[in-house]
There are 2 protein chains.
Amino acid sequence: MLKNILDNKESYQPGLSIDCVIFGFHDNQLKVLLIKTKYSDKWALPGGFVPVDEDIDEAAVTVLHGRTGLRGIFLRQFSTFGAAKRCSVDVSNTVLEFYGIPLDEGKWYASRFVTVGYYALVDFLQTVPQPEGNNDIVEWIDHNIVPELVLDHKEILDKALETLRMELNLMPVGYNLLPEKFTIPELQKLYETILGRKLDRRNFLRKITAIGILRKLDEKKSNVAHKAPNLYSFDKEKYEEVLKNGLTQGW
Amino acid sequence: MLKNILDNKESYQPGLSIDCVIFGFHDNQLKVLLIKTKYSDKWALPGGFVPVDEDIDEAAVTVLHGRTGLRGIFLRQFSTFGAAKRCSVDVSNTVLEFYGIPLDEGKWYASRFVTVGYYALVDFLQTVPQPEGNNDIVEWIDHNIVPELVLDHKEILDKALETLRMELNLMPVGYNLLPEKFTIPELQKLYETILGRKLDRRNFLRKITAIGILRKLDEKKSNVAHKAPNLYSFDKEKYEEVLKNGLTQGW
DNA sequence: ATTCAATTGCGTTATAGTGACGCAATGTAC
DNA sequence: GTACATTGCGTCACTATAACGCAATTGAAT
């Protein structure tokens, strides 16, 4: 795989990569899709390179699709990381050796890479994590217990979450992270998990319904321990409208 | 100059550039520092390349310092632009011809460049626009009447202003854009100009003083047409504190 | 010198938004 | 039935915000 890229390195933007922080929500946990390659004991963000004739946004879509099988998902650039020391020759050489690629052939790969960070919000249940060439493991990991990551990937992840928190004040969230039918408490948990703090049930209900993006269904959640909460779905049209025009309130 | 870079192209990150949107405030106008090269009839944002052994943030500082003579100024990355078509071979070749550089030697320069956008806030009066090698004109231009720019520089400028508008809700602004002593109406004009709309005088005064970053001086502005407004200066300590912790209110 | 017009600085008021909390209704467990 | 956790709706006090009033100050006009 890397071999393919090196053999066609003229087709790729040199020294530039894409890293995606893919968020999912399940079991009341905010999860991040991470990969672990066989040649390293650390986890990493899913990433890729940029074909010279492709927009970087397109390249990010390709990465997202390659790892989740999903398209048409919320995906947003949030920052670019270009520290001088952000490429470790050791790491690169380990990878090259693993693939049996001579070091001089892999010079392209071993130089300093500037990476553009994107974050995505996807539906956990519709996602099929896809390892690439059976050489690595792709897994959802609770954002609270992410292990040590390669290079500066932890910093990238933190920045993505920080950005998501900020943008929560500017846009609605949930359409891409929750299943079609959900309850208000579930949506609240999502917000609480992203923000990292508790919200008042009653105030949350008031504010979230006031936005006008929810459609109350004539149906209650079944098999629950206590009073059955009502089910809701997003009003796609209103949701898109608010996503475009932005919110005016904050959490 | 470009020749120097091409001769040492191994020392620069290939296919990557920095573009800076440098804002200044003067005569109640928000101005942008633009350059016009002799070989083009369009204006452009000041930009530069990234040495392989330098952080991209450092490279941005270098660009800012090179064009304004300033250091230690508010400078922030806001977005990265990587459309596939964002480099015009025509433009590149024109430049190469101007410098008398053979096209094959300039291949490095003529390929697609991804550019990282930074915006800066500087003190207009302390800025000495510095042309580079007498080959170009550097000038402050009112952001309302910027002429046509090369490539996608207009898009970059617009995005910078949009970001600045957003961040106005999160941080105080003015310390880098105004002289040491200023009046509340001047500060208000700055805010109005950035936001592109009028604010109520009396509400503005109340909110801006409530933040606690202003120090009222025992001095009034002289030589003014009407009632002399009081002079203020920023309380550097409080200002830095708010800059770090962020604002909670919006405009 | 007096008046005028523009501007500043401080205030008031009505309304909307926010945080904190009360309480009845609903459903499970025993 | 009783106990208990959770949901859904409502209340209340407080704060923030927008809209506007008005006296004081100053240079310019008369």
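Below, read A as the first sequence line, B as the second, and so on, with proteins coming before strands; counting in each chain starts at 1. Note that the structure is predicted; figures quoted are calculated from it, not measured.
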Practice task
May I ask you to say whether A:K31 pairs ionically with A:D142, meaning some side-chain N is under 4.0 Å from a carboxylate O?
Solution key: no
Problem - Length of the CZ-C1' vector between A:R201 and C:dA24, whole Å - result: 12 Å
Practice task
Please tell me which of B:V224 and B:Q249 maps to the more 5' nucleotide of DNA chain D, matching each residue to the nucleotide holding its nearest heavy atom.
Solution key: B:Q249
Problem - Distance flag, aromatic centroids of A:F234 and A:F182, threshold under 6.0 Å - result: yes
Completion exercise
Contacts of A:P229 and B:N223 projected onto DNA chain D by closest heavy atom; the upstream (5') one is A:P229
Practice task
Identify whether any heavy atom of B:K221 sits under 4.0 Å from a base atom; if not, whether one sits that close to sugar-phosphate; answer base, sugar-phosphate or nothing.
Solution key: nothing
Practice task
Kindly indicate, with the supporting measurements, whether the criterion side chain to side chain contact (heavy atoms under 4.5 Å, CB included) is fulfilled by A:L214 and A:I208.
Solution key: CA-CA 8 Å; A:L214 296 178; A:I208 203 78; 3.8 Å; yes
Handout entry: Non-neighbouring partners of A:D57 that pass side chain to side chain contact (heavy atoms under 4.5 Å, CB included), sequence neighbours left out
Key = A:Q77, A:Y118
Completion exercise
The nucleotide from C:dG11, C:dG27, C:dC21 with an atom nearest the side chain of A:K220 is C:dG27
Problem - Nearest-Å distance for atom pair CG/C1', residues B:D200 and C:dT12 - result: 13 Å
Practice task
Would you kindly give the CD1-to-C1' distance between B:I208 and C:dT8, to the nearest whole Å?
Solution key: 17 Å
Problem - Heavy-atom contact window of chain A on DNA chain D, given 5' to 3' at under 4.0 Å - result: D:dA5 to D:dG10
Could you give the side-chain donor-acceptor pairs of residues 158-173 of chain B under 3.5 Å, partners two or more places apart or in another chain?
residue: B:D158; atom: OD1; partner: B:K154; partner atom: NZ; Å: 3.2
residue: B:D158; atom: OD2; partner: B:K154; partner atom: NZ; Å: 3.3
residue: B:T163; atom: OG1; partner: B:K159; partner atom: O; Å: 2.7
residue: B:R165; atom: NE; partner: B:I194; partner atom: O; Å: 2.6
residue: B:R165; atom: NH2; partner: B:I194; partner atom: O; Å: 3.4
residue: B:E167; atom: OE1; partner: B:R76; partner atom: NH1; Å: 3.4
residue: B:E167; atom: OE1; partner: B:Y119; partner atom: OH; Å: 2.6
residue: B:N169; atom: OD1; partner: B:W251; partner atom: N; Å: 2.9

Practice task
Find the distance A:R197:CZ to C:dG19:P and express it as a whole number of Å.
Solution key: 8 Å
Handout entry: Interatomic distance where NE2 belongs to B:H226 and P belongs to C:dT7 [whole Å]
Key = 5 Å
Practice task
Indicate yes or no for a side-chain donor-acceptor contact from B:Q130 to the backbone of B:T68 under 3.5 Å, with no hydrogens or angles considered.
Solution key: no
Handout entry: N/O (side chain, A:K198) to phosphate O (OP1/OP2, C:dA20) under 4.0 Å
Key = no
Exercise for the section: Check if the side chain of B:K227 and the base of C:dT7 share a donor-acceptor pair of N or O atoms closer than 3.5 Å. Expected result: no
Completion exercise
B:K207 NZ to C:dC10 P, in whole Å, measures 18 Å
Problem - Nearest-nucleotide comparison on DNA chain C, the residue closer to the 5′ end among A:R206 and A:A228 - result: A:R206
Handout entry: Spacing between B:Q188 atom CD and C:dC10 atom C1', to the nearest angstrom
Key = 15 Å
Completion exercise
A:L205 CG to C:dA20 P, in whole Å, measures 17 Å
Practice task
For residues B:Y175 and B:Y239, establish whether the separation of their ring centroids is below 6.0 Å.
Solution key: yes
